[in-house]
Amino acid sequence: MSGPADRLRAFAGSSAQRWISTVVRVGLGGVLLVAGGLKVTEPVQAAQAVQAYQLLPPRAAELVGYVLPLLEIAMGLALVLGVATRLMALFSGALMTAFVIGVASAWARGLSIDCGCFGGGGEVPLGEANYLPVVLRDLGFAAMAAWLVAFPASAWAFDRRGEAGLGDLGLYDEWDDDAEADLASGSREDGVDPSGSTASAEEPQR
Amino acid sequence: MSQDSSKSAGNMPGKGAGKGAGKSTGKAAGKRAARDRLAAERQKQAQADQRRRRSTNVLIAVVTVVAVVGIVGYAIWASKQSDAPTTAALPALVHEQGGGVVAGDGPVKINLWEDFQCPSCKAFEEQFGDLIRKKVDSGDVTLTIHPLSFLDRNLGNSSSSLAANAFGCSSDAGQQQALDFHLTVYANQPEENPGQEAWNADDLIAMGNQVDINGADWESCVRDQPYSDWVTQVASSQLDAGITATPTVFIDGKQVNPAEFETKLDEAIAAQ
């Protein structure tokens with residue numbers, strides 16, 4: 001009676017999903033905050049780190065060195081606070097994917113650089129470059145971002161249920177509404193629901 | 001809402017006039033249920049609309065904040081672009097704004113990007129400094145040395161830019177003096193020691209004295225750094241040249257692995 005789609009729908013909006021998403025959201029946001037914070041005070045060094053990838057024209061790489069740390073901080077802050085979670089997760093997923101491509105291409109081209117992910121960066125002595133852990137780590141961050149795109153609803157977030165950013169593009173309106181309806185009718189066991197204040201406020205009218 | 005229900009109620013009596021009174025109570029209950037359903041439907045719709053509006057506002061706000069942050073970064077970057085002075089006082093052997101110190105006039109062009117505090121540059125100069133010197137003297141090579149100063153940032157001192165300026169000063173004394181001074185500074189390069197200066201002005205003046213650069217002009221030039229704008233220009237030109245490490249060596253415009261320098265130089269000279 002319950003196919004995979006139904007089970008997915010049941011999982012989306014369940015309290016397990018919400019708490020996993022909370023951990024993922026705060027974790028990913030924290031990583032972005034730290035990465036941006038460590039680089040933002042050293043834009044020249046960040047610019048050199050980007051140049052060392054030899055992927056962008058020098059001036060463009062310099063611009064990235066100035067803008068990227070600020071964007072990371074903004075996105076990290078939004079994720080930690082849970083504002084427009086899905087959109088921010090989409091952005092940071094794209095960013096992480098770009099990082100993976102950049103590091104993998106440096107690896108493939110035989111460059112010997114430090115990724116400069118958390119400050120530092122630039123060329124390092126031959127044999128000291130360590131790409132695999134960086135690629136795996138960034139893939140992990142990308143996976144976290146993908147999770148949040150799929151399941152943006154979480155606890156301790158500014159976003160309310162169904163408002164996790166991009167919710168209006170239709171993909172998840174259904175489960176958002178279902179979740180609300182289930183919650184209202186008491187059919188779902190949803191012990192923790194910090195964003196459910198609106199729903200309970202409307203309860204007496206039923 | 002209330003308008004709608006009153007309207008539908010007004011229509012009903014006409015339609016159901018011929019029917020029995022017993023049925024009317026059931027009908028009223030049905031009507032009430034329909035009204036409730038309608039009300040619930042509308043309320044749900046209103047909530048959804050409100051959610052959608054709030055969600056849209058949040059999205060707009062966040063996108064705006066991210067865009068503003070990006071623009072701030074761009075503005076900082078753009079303001080840095082004008083940092084390098086377009087017209088700087090140039091040392092005697094520097095022939096264009098932001099250019100390196102030029103020695104010799106041979107057909108093979110060597111461009112050398114170095115930082116006076118860079119240990120690999122010291123190693124490169126120890127290995128090839130005399131060879132390059134010979135090829136300049138023999139008229140085979142035009143040597144351009146671009147003294148960078150990015151290690152000042154990495155090491156938290158100002159020794160690279162101080163030495164770069166002094167190198168400019170040494171070229172005022174002549175080509176041989178400049179090449180001598182250049183090698184002498186590398187020979188005196190201490191171990192990298194973050195937070196500590198590698199040398200001060202007095203040290204550099206003394207290094208000049210070792211290679212016969214003397215006098216009040218030399219001393220004041222090292223101390224007062226009249227070529228600091230030029231040093232900034234050279235530092236900024238690093239970016240356009242795509243230099244990400246030192247030493248970076250070009251022979252006739254082609255980047256050369258320092259390990260293969262001698263072979264490549266011989267090839268280039270032979271090709272002339």
Side-chain angles (χ1 to χ4, degrees), chain A residues 40 42-45 47-54 57-59 61-75 77-78 83-88 91 111-113 120 122-125 158-168 173 176-177 180-181 184 198-199 202 205-206, chain B residues 36 39-40 43-81 83 118-120 148-154 156 235-246 248 255 257 259:
Chain A
V40 74
E42 300 285 348
V44 179
Q45 201 176 27
Q48 279 173 4
V50 181
Q51 279 156 22
Y53 283 85
Q54 297 175 29
R59 292 285 164 192
E62 194 193 22
L63 177 59
V64 171
Y66 279 83
V67 174
L68 181 65
L70 289 169
L71 287 182
E72 284 178 336
I73 289 177
M75 286 159 55
L77 210 58
V83 184
T85 305
R86 175 176 280 159
L87 181 67
M88 291 299 109
F91 281 10
L111 299 183
S112 182
I113 61 173
E123 300 204 13
V124 297
F158 179 83
D159 288 328
R160 282 193 225 147
R161 194 183 278 276
E163 296 178 344
L166 293 194
D168 293 323
D173 266 349
D176 283 329
D177 288 339
E180 193 120 31
T198 47
E202 282 139 22
Q205 298 179 329
R206 272 175 61 250
Chain B
D36 285 353
Q43 201 194 351
K44 204 174 168 190
Q45 186 61 39
Q47 281 166 15
D49 285 348
Q50 198 192 354
R51 271 209 308 272
R52 204 157 292 142
R53 265 197 304 279
R54 185 172 182 270
S55 177
T56 307
N57 288 343
V58 167
L59 276 189
I60 291 172
V62 166
V63 168
T64 307
V65 167
V66 170
V68 166
V69 162
I71 291 167
V72 166
Y74 175 81
I76 297 172
W77 169 77
S79 74
K80 296 278 174 193
Q81 296 304 295
D83 260 12
C118 132
S120 316
L148 299 175
S149 41
F150 68 95
L151 284 177
D152 282 358
R153 260 191 321 273
N154 296 12
S236 153
S237 72
Q238 169 192 2
L239 218 52
D240 295 318
I243 311 294
T244 56
T246 52
T248 298
Q255 191 172 340
N257 184 339

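When reading the values below, keep in mind they use all heavy atoms of this one structure, side chains included, and skip hydrogens, waters and symmetry mates. Numbers restart at 1 for each chain; the letters A, B, ... are given by sequence-line order, proteins then strands.
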### Task
Give the intermediate values and the outcome of side-chain contact (heavy atoms from CB on, under 4.5 Å) for residues Ile243(B) and Gln51(A).
CA-CA 9 Å; Ile243(B) 311 294; Gln51(A) 279 156 22; over 6 Å; no

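Note: Arg59(A) leads Gln45(A), Arg59(A), Met75(A), Gln48(A) in heavy-atom pairs under 4.5 Å with chain B. Taking chain A as the reference chain and counting heavy-atom pairs below 4.5 Å, the highest number among Val69(B), Ile76(B), Val72(B) is found for Val69(B).
In this structure, the side chain to side chain contact (heavy atoms under 4.5 Å, CB included) partners of Leu63(A), at least two apart in sequence or on a different chain, are Val67(A), Tyr74(B), Trp77(B).
Residues Leu59(B) and Leu87(A) come closest through the heavy atom pair CD2-CD2, 3.7 Å.
Of the atoms belonging to Ser236(B), heavy atoms from both backbone and side chain fall under 4.5 Å from chain A. Proximity to chain B is limited to the side chain of Gln54(A), based on heavy atoms less than 4.5 angstrom apart.
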